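Structure first, then comments.
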Amino acid sequence: MSFDQRAALRAAAAEFVRREVAPHLQAWEDEGTVPRELHVAAARQGLLGVSFPEEAGGQGGDLLDSIALQEGMFEAGASSGLMAALFTGGIALPHLAANGSPDLVDRFVRPTLAGEKIGSLAVTEPGGGSDVARIRTTARRDPGTDCYVVNGAKTFITSGVRADFVTTAVRTGGPGHAGVSLLVIEKGTPGFTVDRALAKMGWHCSDTAELAFVDVRVPVANLVGEENSGFAQIAEQFVVERIALAVHAYGIAARSLELTAAYCRERETFGKPLIANQVVRHKLVEMHRRVEVARTYTHAVAARHVAGRPEDGATVIAEACLAKQTAVDCATYVCDQAVQLHGGTGYLHGTEVERHYRDARILPIGGGATEVLTDLAARLLGYAS
Ligand SMILES: Cc1cc2nc3c(=O)[nH]c(=O)nc-3n(C[C@H](O)[C@H](O)[C@H](O)COP(=O)(O)OP(=O)(O)OC[C@H]3O[C@@H](n4cnc5c(N)ncnc54)[C@H](O)[C@@H]3O)c2cc1C
């Protein structure tokens with residue numbers, strides 16, 4: 001997209017949030033879910049398929065276009081949980097769009113980008129999420145039929161309660177990363193149950209589910225790419241997911257800063273506005289500095305990812321981990337200071353900075369815990385023993 005097209009997309013995304021999201025967000029937070037109609041409205045506005053190829057029903061843009069869209073939405077008051085719920089397709093679909101058969105693209109990618117279906121990505125299991133190579137859910141070929149039989153369980157699955165289908169990491173081969181495949185499992189398939197909606201500290205409007213699979217028969221046609229290529233597919237898409245979570249982090253931080261600066265101009269203590277205190281102004285500047293560092297670094301890493309120079313490969317994977325960490329540290333500090341400067345108001349349920357403060361806490365855990373990503377970066381940057 002040209003500079004002007006990107007600016008227009010950002011403005012349209014912000015306008016969409018002001019019109020379709022902001023008036024209802026607190027109610028959705030309280031209900032613990034986002035309505036399906038929002039997916040349809042977002043698709044009509046051209047927001048769901050921005051960075052997906054045109055051949056798969058998307059708009060053919062790139063990661064930088066999708067960052068502009070997300071920034072516009074956060075600027076207008078979208079929450080991290082809302083973005084996780086509305087854009088779950090961003091983690092459930094890229095493997096299908098890149099490696100799935102034309103049939104999988106027609107059945108799952110197109111309708112999801114049109115807002116008609118909801119998809120989830122299920123990797124994490126009750127036994128652990130950080131060590132993806134160790135997943136235990138099995139998919140065994142039933143001899144003489146065109147089916148896999150799936151057994152196992154997944155947990156913490158975003159949009160899993162609402163999902164019509166789940167892109168599921170399963171073990172089709174031996175132990176370790178070489179035995180993992182991706183299989184699309186549809187809601188309603190006998191033996192597949194959504195066990196419960198998990199209550200959380202934040203991301204309240206984004207439903208999170210536990211899934212169980214007992215002798216679930218899944219057609220071989222639902223395999224994404226080659227058998228036992230799942231780990232590589234997951235790892236490849238993780239770069240974009242980590243950059244997206246970095247945008248969540250500095251996006252909610254930037255919004256919290258804006259709300260806090262406005263509050264500090266208005267609120268008076270000891271006979272003068274809060275912002276008249278040098279210590280408060282310096283705090284706001286420090287919040288600003290951290291947001292700008294996170295935003296600039298994330299943009300730089302995203303641009304290198306989009307450029308796709310082969311010699312940058314490993315460094316960009318490492319830098320995506322570090323961009324996420326930088327942005328997450330920024331959100332942790334900025335959202336905390338935003339609550340502090342709002343005083344008691346900042347602690348009240350329903351105050352926007354309170355929501356961002358709670359939502360920020362998932363960001364150093366989801367999409368790869370900071371410790372795990374730092375260790376990955378150590379290996380990729382040559383600091384391992
Ligand atoms: C709200 C929410 C939404 C989610 N959405 C999804 C989803 O849609 N799909 C999906 O598949 N998963 C999802 N997850 C799961 C998420 O990706 C995992 O929670 C995350 O990867 C961490 O896995 P774990 O919780 O099993 O923690 P564990 O792997 O048990 O690790 C626990 C903690 O130990 C530390 N740690 C772990 N390994 C190391 C190490 N090697 N060195 C040092 N410290 C370490 C970290 O601090 C980590 O947080 C979601 C989670 C939440 C809470």
Side-chain angles (χ1 to χ4, degrees), residues 29 32-34 79-95 112 118-137 152-171 180-185 194-213 224 230-231 233-235 237-242 244-245 248-249 252 321 324-325 328-329 331-332 355-356 358-380 383-385:
E29 288 276 296
T33 192
V34 165
S79 68
S80 177
L82 182 280
M83 299 294 274
L86 183 58
F87 292 102
T88 318
I91 58 172
L93 299 178
H95 328 80
T112 307
I118 293 175
S120 286
L121 173 70
V123 177
T124 306
E125 300 188 344
S130 298
D131 193 353
V132 175
R134 235 176 252 262
I135 58 149
R136 290 190 196 148
T137 298
K154 299 285 177 182
T155 193
F156 303 140
I157 305 310
T158 297
S159 298
V161 175
R162 298 179 304 149
D164 302 296
F165 67 93
V166 182
T167 306
T168 312
V170 291
R171 184 160 301 286
V180 176
S181 295
L182 286 176
L183 209 51
V184 181
I185 306 181
V194 177
D195 270 8
R196 58 191 175 119
L198 302 168
K200 307 182 296 296
M201 175 194 292
W203 274 21
H204 283 174
C205 67
S206 169
D207 72 81
T208 308
E210 264 183 9
L211 314 178
F213 306 96
V224 185
F231 188 85
Q233 293 187 54
I234 294 167
Q237 301 303 336
F238 266 160
V239 172
V240 170
E241 185 184 352
R242 284 163 194 157
L245 289 173
H248 278 222
I252 59 172
C321 298
K324 178 177 177 249
Q325 186 180 335
V328 160
D329 289 349
T332 302
R355 180 191 305 141
H356 294 314
R358 286 184 289 98
D359 282 0
R361 193 61 190 87
I362 181 57
L363 300 176
I365 299 169
T370 299
E371 297 89 332
V372 175
L373 296 191
T374 306
D375 216 42
L376 173 61
R379 289 197 299 282
L380 293 167
Y383 298 120
S385 53

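Start at 1 with the first residue, then count along the sequence. Keep in mind that the numbers below use all heavy atoms, side chains included, and drop hydrogens, waters and symmetry copies. Note that this is a predicted model, so its numbers are computed, not measured. Order of appearance sets the numbers: ligands from 1, and atoms from 1 within every ligand.
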Practice problem: Compare all side-chain heavy atoms of T167 with those of L93 and state whether any distance is below 4.5 angstrom. | Solution: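 Answer no - side chains too far apart.
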**Message:** Using side-chain heavy atoms (C-beta onward) and a distance below 4.5 Å, is T112 in contact with T88?
**Reply:**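 Side chain of T112 against side chain of T88, heavy atoms only: no contact under 4.5 Å found.
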Check your understanding: Going through the distances and angles, do T168 and K154 end up as a side-chain hydrogen bond (donor to acceptor under 3.5 Å, both in side chains)?
Key -> CA-CA 9 Å; T168 312; K154 299 285 177 182; over 6 Å; no
Discussion item. Any carboxylate oxygen within less than 4.0 angstrom of a Lys/Arg side-chain nitrogen, looking at E29 and R355?
Written reply: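 Salt bridge present between E29 and R355.
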*How far apart are the C-alpha atoms of I135 and R171, what are their side-chain angles, what is the distance that settles it, and do they pass the side-chain contact (heavy atoms from CB on, under 4.5 Å) test?*
CA-CA 7 Å; I135 58 149; R171 184 160 301 286; 3.9 Å; yes
Practice task
Evaluate the side-chain contact (heavy atoms from CB on, under 4.5 Å) criterion for residues D359 and H248: first the C-alpha distance (whole Å), next the side-chain angles of each, then the deciding distance (0.1 Å), finally the verdict.
Solution key: CA-CA 10 Å; D359 282 0; H248 278 222; over 6 Å; no
Point to revise | Amino acids contacting ligand 1, non-hydrogen cut-off under 4.0 Å | key: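 Residues within 4.0 Å of ligand 1: I91, L121, A122, V123, T124, G128, G129, S130, F156, I157, T158, K200, W203, I362, I365, G367, A369, E371, V372.
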